[in-house]
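The structure appears right after this line, and notes come after that.
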Number of protein chains: 2
Amino acid sequence: MKPTTLKDLSRHLSLSTSTISRALLNHKNIHPETRKRVLEAAEMLGYQPNTTALNLRYGKSKSIGLVVPEMVTPFSANVLKGIQAFLNNIGYKVIILVSDESPDTERDNLTLLERFNVDGIILNLCHETYNQALYAQIMERGTPIVFFDRIPGNALDVSKVIVNDHIQASLMAEHLISTGCKRIVHLMGPPTVRNATERAAGYQRILVKHGIFDPELMVKTHGTTFGHGKEAVKELLKKGIAFDSIFAFTDTLAIGAMNYLLEQGIRVPEEVAICSFSGTELSTSVFPQLSSVEQPLKEMGEAAARLLMDKIQDSSSDSRTLVLDAKLIYRGSTARGSGKH
Amino acid sequence: MKPTTLKDLSRHLSLSTSTISRALLNHKNIHPETRKRVLEAAEMLGYQPNTTALNLRYGKSKSIGLVVPEMVTPFSANVLKGIQAFLNNIGYKVIILVSDESPDTERDNLTLLERFNVDGIILNLCHETYNQALYAQIMERGTPIVFFDRIPGNALDVSKVIVNDHIQASLMAEHLISTGCKRIVHLMGPPTVRNATERAAGYQRILVKHGIFDPELMVKTHGTTFGHGKEAVKELLKKGIAFDSIFAFTDTLAIGAMNYLLEQGIRVPEEVAICSFSGTELSTSVFPQLSSVEQPLKEMGEAAARLLMDKIQDSSSDSRTLVLDAKLIYRGSTARGSGKH
DNA sequence: CTGAAAGCGCTAACAG
DNA sequence: CTGTTAGCGCTTTCAG
C-alpha cells in the first residue's frame, strides 16, 4: 500500500540510503555488484522515486502553467499537445487555466499559478497591455513567462512565438481577389491584440494596392465568438453595405457570420465567399468548409515550451522571438469561378 | 529574488520557526501580539508558503489528473471548468491528458499520472473493458479513480457520474416522431462504451413502441469524429436506404452527417431532421443549429471532483454513482411542421 | 567504494 | 504561549 522509499530499500539490503541513491542514479563510485543488488531490490519492491521529495530537494515544482483565453475552439488543445509532447517527457506537468477572454480572470489565473509554485508560464493573453505590470512582477519574482499567439506590447523583453500574420493575411486577400471578389469585408479582431492589427494591416495593404479598399468594409467586432461574427454581418446587411466576401480574424467570427448568411438564404460561396485564420478542426466542421490560414499550433506549443525551458534552466538567457510559418488552405467557402459573382 | 521562507521570518523576528508557523496557521496557542507581528513581517517580506514543502510534509502532491478521450470538441473543456471550480479553490492543480480515443494512449496517460504522484484521477475512458485491470492496479496502489461520462463495465467498484442516457435518448426519439418522422436513423456510438448502448436502447425502445423500428436504421459507426458521421450517412445513401431523420450518438457524428447531406443538396431539416447528444457550443456553431440532449457538463465535472475528494480524504469511503439530469433543447435541425415531410 | 550528517521548507509532538 | 526536535524522501558534501 504505502510506496517503497529509499529507507525501505536501505533496511532491506542493509545499506545506507546514500548508497542506494547512488546506485539508482548510476553514480560513478559504486560497486557494480552493489548496484545490481540495489536495482533488483528496487524492481522487486516496486520502488518509485517520490517526485515531491525530489522537487523540494531541487527547488522546483516540475510544473508549468498554460493560460489561454478560451477553450471553446480546439485551438488551445492543439497547442497543449505540442507543449506536452515536449514537457511530459522531461517530467514536467502542465496545468491549463482558461481566462474566458477576461483580463481579470487572467490575473486570477496567473496569481493561482504563482501560488502553485509553477516553474514557468506559457501565456496566450487576452489584452495587449492590461496586465503588463503583473507580467513584469511575476517575472521579477522569478517565474519566467513565454508568450504565444497574442503577445504583449513591446515594452516587455520576453520570449514569444507567433506566426507571420501580416503576410498570410495579405495572401488570403490576394486569394479572394483572384477568385473575383471586389467588395471584401474584414471582420477585425479586438484592437487590443497584436494579431488583429497585423492581419488588418495585411488585408488593407492588398486592397489598397488593388484600389478596392473601402473603410466601410473594415468592420470592428466586439469579441471573437460565433455570436460576434453574426452580429457584425447582421449589422452590415442592415446598413445595406454591399459585399461579396468576408475575411475574418478567426474561425469563430467567420462561422458566426457564415451561419447567419445561410440563415438569411444567402449562398456561400456563390454570393459571399468566406475565409479566416485557423489551424483547428473547426474550419472543416462546417459546410461549406472554410478556407483558412492554417497555423502550426502544435509546433507553436513545442516552440513555446522549448523557449520556456531555456528560461527555466537559465533565467539570464536571452529572450527570443520565433516567427512560425502558417499556410493557406483553400476550401469550399471560397471555391467559385474566377468570374464576377 | 529568492522566495522568503519561514526561516527568514524567524531570523527577522527572532522567533522560532514553529512560532512563525503557528502564527501563520492561526493556531490556538499564540499570543495575539506575536501573531500580528508575524503577519506583518510576512506581508512585508512577501512570504508565500512553499507548496512543495507542504506536499512533502503532508504526503500529497495536491494535484489530480484528468484523462479524456478527445479535445476536438469543447466537451472536456466544459467538464474541466467544473472540476477546477471545485478543486482550484482548495489548492488542487489539475493536469489534463488526452487519450485520442486510443486505449493504449490512455494507458500511457495513466502511467504518466502515477509517475507524477497525483492524488487521484478523473477519467473519461476510451474503452469499457480494455484497461480494467490497470484501473484496478492503480487504485490498489493507492490512487483513487473516479469515472464520468464513459464508465467502465460493472466489474469495478468505483465512484462515477453519468447522465440518464436511456431516458433522454427515448425522449429525443419521441420528439422526432412528434414532428412526423417515421424513418429515424440512429448513428450508434462505439459498442465499447456504455453510453452508446444505453442511448441505442432508448432509441430502439421508442421506435419499437411506435411500430417503426427497422434494424437497417441502427447504423454502426467506426468512431465518433465528423468523418465517421459523414461515412455512415454516405453509406446509407449509397445503399439506398430511405430515412427522414437522424439521431446521432454525439454532436460530431451528427455534424459530420449533416454536412455531408448538405453537400449532397439534401435539405435539413426539411428532408432530413437531425439531432444528437451534446452539452457544448458545437451544437449551436452549425447551421441549422442542432437539437440535442444538453448534458450538464460543468456539473458533471464538479460532481466528479467532489467524489474524488471523498476518496482522497478517506480511501475507504463508499463508492457512489451520481446520475445527473440532462435536458432536451429543440433547435433548427428538427424544426419542421408536424406533418409528414 | 560506502556511511554519516546536513539540508530543501514546513509542521507537529513534546517540553518547558 | 514559545522553543527544541524530529521527520516527510531524497541528494550530496564530507569523512573514512
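In what follows, every chain begins at residue 1, and chains take the letters A, B, ... in the order their sequences are listed.
- A:Asp119 meets the salt bridge (Lys or Arg N to Asp or Glu O under 4.0 Å) test with no other residue; sequence neighbours excluded.
- Residue A:Ser99 comes nearest to A:Thr105 through the heavy atom pair O-CB, 3.3 Å, listed as atom of the first residue, atom of the second, then distance.
- Between the side chains of B:Lys93 and B:Ser61, not a single donor N or O lies within less than 3.5 Å of an accepting N or O.
- Each end of the helix from C:dC1-D:dG16 to C:dG16-D:dC1 gets its own rotation axis from five pairs of C1' atoms, and the angle between them is 50° to the nearest 10 degrees.
- Counting any heavy atom pair closer than 4.0 Å across all strands shown, A:Thr52 reaches no nucleic acid atom.
- Along DNA chain D, the stretch of nucleotides lying under 4.0 Å from any heavy atom of chain B spans, 5' to 3', D:dC1 to D:dG9.
- Screening residues 35-56 of chain A for side-chain hydrogen bond (donor to acceptor under 3.5 Å, both in side chains), with sequence neighbours left out, gives A:Thr51-B:Asn117.
- A salt bridge between A:Lys2 and A:Asp8 is absent, with no side-chain N of the basic residue lying under 4.0 Å from a carboxylate O of the acidic one.
- Heavy-atom minimum distance, B:Val98 versus B:Pro69: CG1-O, 3.9 Å.
- In this pair, A:Phe148 and A:Phe75 present their aromatic rings parallel. The plane angle is below 30°, not in the 30 to 60° band.
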Base-contact (B) and sugar-phosphate-only (S) positions in nucleotides 8-16 of chain C, heavy-atom cut-off under 4.0 Å, - elsewhere: BBBBBB---
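- The pair A:Glu70-A:Arg150 does not meet the salt-bridge criterion, since no charged nitrogen lies less than 4.0 angstrom from a carboxylate oxygen.
- With sequence neighbours excluded, the residues satisfying salt bridge (Lys or Arg N to Asp or Glu O under 4.0 Å) with A:Asp100 are B:Lys81.
- Taken to the nearest 0.5 Å, the CD atom of A:Glu114 stands 5.0 Å off from the OG1 atom of A:Thr143.
- Taking only side-chain nitrogens and oxygens, A:Thr19 never comes nearer than 4.0 Å to OP1 or OP2 of C:dT2.
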